[in-house]
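Here is the structure we will look at, set down as structure tokens.
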Amino acid sequence: MEDARSWAAELRGRFEEGLTRAAEWRAAQLRGLLRMATEMEAEMCDALHADLAKPRTEACLHEISLIKSSCLFALKNLKKWMKPQKVQAKLMTFPSAARITAEPLGVVLIISAWNYPLLLSLDPVIGALAAGNAVVLKPSEVAPATSSLLAELLPRFVDGRCVKVVQGGVPETTALLEQKWDKIFYTGNSQVGRIVMTAAAKHLTPVVLELGGKCPLVIDSTVDLHVAAKRIAAGKWGCNNGQACIAPDFIITTSSFAPKLIEELKKVLGKFYGKDPLGSADLSRIVNSNHFNRLKTLMDEEMVFEKIVFGGQMDAYQLKIAPTILLDVPLDSAIMREEIFGPFLPIITVDKINECFGLINSMSKPLAAYLFSRNSKLQDKFERSISAGGMLLNDTSIHLTNPYLPFGGVGESGTGAYHGKFSFDAFSHKKAVLNRGFFGEAKARYPPYSEPKLKIMKGVLEGKLGDMIQAFLGFPRGK
Ligand code: NAD
């Protein structure tokens with residue numbers, strides 16, 4: 001508790017000295033992070049392997065390369081993002097210049113999760129530093145090798161006076177949450193999300209909550225089945241063996257198409273992971289025995305185990321679970337009520353594909369919703385009728401690689417978003433600035449009030465008069 005208080009105070013002092021505001025300081029931090037991701041790639045891969053047996057390809061492509069590309073994108077755009085944005089001036093304030101200035105929030109707390117322990121830590125840090133904040137990062141204790149690597153590396157590659165890594169679990173996070181921050185950025189489950197939001201409310205601290213949920217995937221018979229099966233398998237088992245917030249959690253398809261889909265998924269999985277998936281080096285393990293037992297309990301439920309149509313092998317010693325497909329598990333079973341966050345993929349069948357809407361909308365709003373279909377009417381309806389953090393048609397997961405798209409949830413899957421400029425915005429305050437001279441006094445504005453004055457001012461404020469004069473005089477309308 002004392003430590004948390006003194007870290008927060010120390011960083012606030014640094015922030016108030018103005019150290020973090022300069023564009024050069026921000027760019028130097030981003031270059032430092034880029035250098036760290038480049039020079040320490042091997043160490044990072046080793047840590048991710050120690051924590052999750054994450055295959056090197058996934059470690060590089062799903063974490064380290066994304067960190068590098070976020071740094072490069074921020075470096076390329078930093079000056080543009082920092083530049084005050086001119087906006088239209090109105091007659092009411094004539095003459096004046098109006099602009100929006102992005103200012104750093106101050107000292108921010110970033111709490112990250114274990115499944116992508118590098119990316120989920122450093123991607124928000126990139127946004128926070130680009131926006132000119134001082135940062136405390138609390139990586140997940142569930143990925144201890146990556147957490148201690150971050151604690152060792154960050155002070156070597158970025159300004160340790162303004163960026164601190166605090167390792168630890170619930171007591172340390174609780175102590176941090178008691179301090180006053182200017183923003184809390186939390187990634188993890190929604191139960192802890194509620195704890196974070198409650199703690200933030202005490203200080204009126206704004207939050208970004210990057211949460212999870214059950215991401216649905218709908219597939220109809222119009223697809224290229226071979227391509228679809230590969231993309232589904234890549235998004236489920238090729239992303240940390242299902243331990244990913246945007247992994248497809250369950251599939252909805254028609255009962256006539258399900259057998260073909262299952263056959264194709266089996267073929268693809270055979271090619272990806274061979275006859276002995278538990279022995280495959282290309283499949284992550286389950287992070288720890290708590291999560292292994294949680295998953296085992298989902299499978300042990302009556303009426304669930306017997307629905308396995310593929311896979312099901314588990315090795316408690318190695319913490320490995322094979323890709324597993326289940327067909328028509330009961331909708332009220334725990335596996336269909338809770339976020340699976342592991343290698344089980346239930347397929348729910350319906351008579352008509354349109355029944356997917358009722359089913360999805362009866363559940364909490366997901367972080368991602370997927371549709372595989374060539375039917376443009378179905379695509380349109382999916383986009384209009386399903387509320388989700390993000391949506392991807394005919395692929396899985398890779399929407400998060402586009403920095404021009406915001407990444408975040410809605411409802412139970414989270415609040416706020418980041419990636420690309422959205423990260424910069426998440427850690428900035430957009431300050432409204434209006435600059436007037438002393439010319440342009442409108443007598444009608446001041447007492448003593450009268451009906452004619454009121455009429456003039458109403459005309460100005462309600463826009464009609466203003467718009468006419470503005471059009472006539474050609475006032476600047478901002479960019
Ligand atoms: P986790 O166990 O690593 O917890 C996340 C963070 O919360 C950790 O830093 C941990 O120390 C802290 N924490 C845990 N319990 C706490 C408590 N009682 N009080 C204060 N802090 C506490 O990760 P997790 O929650 O198991 O992560 C998995 C969940 O996160 C899933 O629901 C997943 O969908 C979601 N997730 C979301 C995203 C996203 O970007 N939206 C990304 C990854 C994971």
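We count ligands from 1, going down the list as the structure has it; atoms in each ligand are counted the same way. All residue numbers refer to positions in the sequence shown, counting from 1.
Between atom 6 (C) of ligand 1 and the options Ser140, Ser112, Ser413, the minimum heavy-atom separation is to Ser112. Of the candidates Thr187, Thr174, Leu120, the one placing a heavy atom closest to atom 5 (C) of ligand 1 is Thr187.
Residue Leu211 places at least one N or O, backbone or side chain, under 3.5 Å from an N or O of ligand 1. Checked by distance only, ligand 1 and Leu367 stay at 3.5 Å or farther apart across all their nitrogen or oxygen atoms. Close N/O approach between Lys138 and ligand 1 is found [any backbone or side-chain N/O within under 3.5 Å].
With Tyr404 as the aromatic partner, Lys421 does not meet the cation-pi criteria of under 6.0 angstrom to the ring centre and within 45 degrees of the ring axis.
One side chain, Gln167 or Ser147, offers a donor N or O that lies under 3.5 Å from an acceptor on the other. For the residue pair Trp114/Asp51, the side-chain donor-acceptor check at 3.5 Å is not satisfied. Side chains of Ser121 and Ser112: a donor on one and an acceptor on the other come within 3.5 Å. One side chain, Lys80 or Asn77, offers a donor N or O that lies under 3.5 Å from an acceptor on the other.
Listed by first and then second residue, the salt bridge (Lys or Arg N to Asp or Glu O under 4.0 Å) pairs involving residues 200-214 are Lys214-Asp249 (not counting sequence neighbours).
In this structure, atom 17 (C) of ligand 1 lies nearest to the protein heavy atom Val170 CG1, 3.8 Å. For atom 36 (N) of ligand 1, the nearest protein heavy atom (residue, atom name, distance) is Cys245 CB, 3.5 Å. Nearest protein heavy-atom neighbour of atom 14 (C) of ligand 1: Val192 CG2, 3.9 Å. Looking only at protein heavy atoms, the nearest one to atom 40 (O) of ligand 1 is Phe407 CE2, 3.3 Å. Looking only at heavy atoms of the protein, atom 21 (N) of ligand 1 is closest to Thr173 CG2, 3.3 Å. Ranking the protein heavy atoms by distance from atom 10 (C) of ligand 1 puts Glu141 OE1, 3.4 Å first. Looking at atom 23 (O) of ligand 1, its nearest protein heavy atom turns out to be Trp114 CD1, 3.3 Å. Atom 32 (O) of ligand 1 has Glu339 OE1, 2.6 Å as its closest protein atom, hydrogens excluded (heavy atom only).
Each of the following atoms of ligand 1 lies closer than 4.0 Å to a heavy atom of Val142: 2 (O). The contact set between ligand 1 and Ile111, taken as ligand atoms under 4.0 Å from a residue heavy atom, comprises 6 (C), 7 (O), 9 (O). Contact atoms of ligand 1 toward Ile195: 18 (N) (distance under 4.0 Å to a heavy atom of the residue). For ligand 1 and Glu210, the ligand atoms under 4.0 Å from any heavy atom of the residue are 37 (C), 38 (C), 39 (C), 40 (O), 41 (N).
Trp237 and Leu283 make their closest contact through O-CD1, 3.8 Å (heavy atoms, listed as atom of the first residue, atom of the second, distance).
Here Asn189 has heavy atoms under 4.0 Å from ligand 1 in both its backbone and its side chain. With a 4.0 Å cut-off on non-hydrogen atoms, Asn115 touches ligand 1 through its side chain and not its backbone.
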Evaluation steps, ring-ring contact (aromatic ring centres under 6.0 Å, His included), between Phe427 and Phe185: CA-CA 9 Å; Phe427 290 102; Phe185 187 108; 5.6 Å; yes
Test side chain to side chain contact (heavy atoms under 4.5 Å, CB included) on Val287 and Gln243; report intermediate values, then the result. CA-CA 9 Å; Val287 68; Gln243 301 167 104; 4.0 Å; yes
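Note on ligand 1: Tyr186 sits in its first shell, one or more heavy atoms being nearer than 4.0 Å.
Atoms CD1 and OH, on Ile126 and Tyr418 in that order, are 10.0 Å from each other to the nearest 0.5 Å. In this structure, the separation between CZ on Phe15 and CZ on Arg21 is 4.0 Å, given to the nearest 0.5 Å.
Applying the side chain to side chain contact (heavy atoms under 4.5 Å, CB included) test between Phe292 and each of Leu319, Thr297, Asp315 identifies Leu319 as the sole match.
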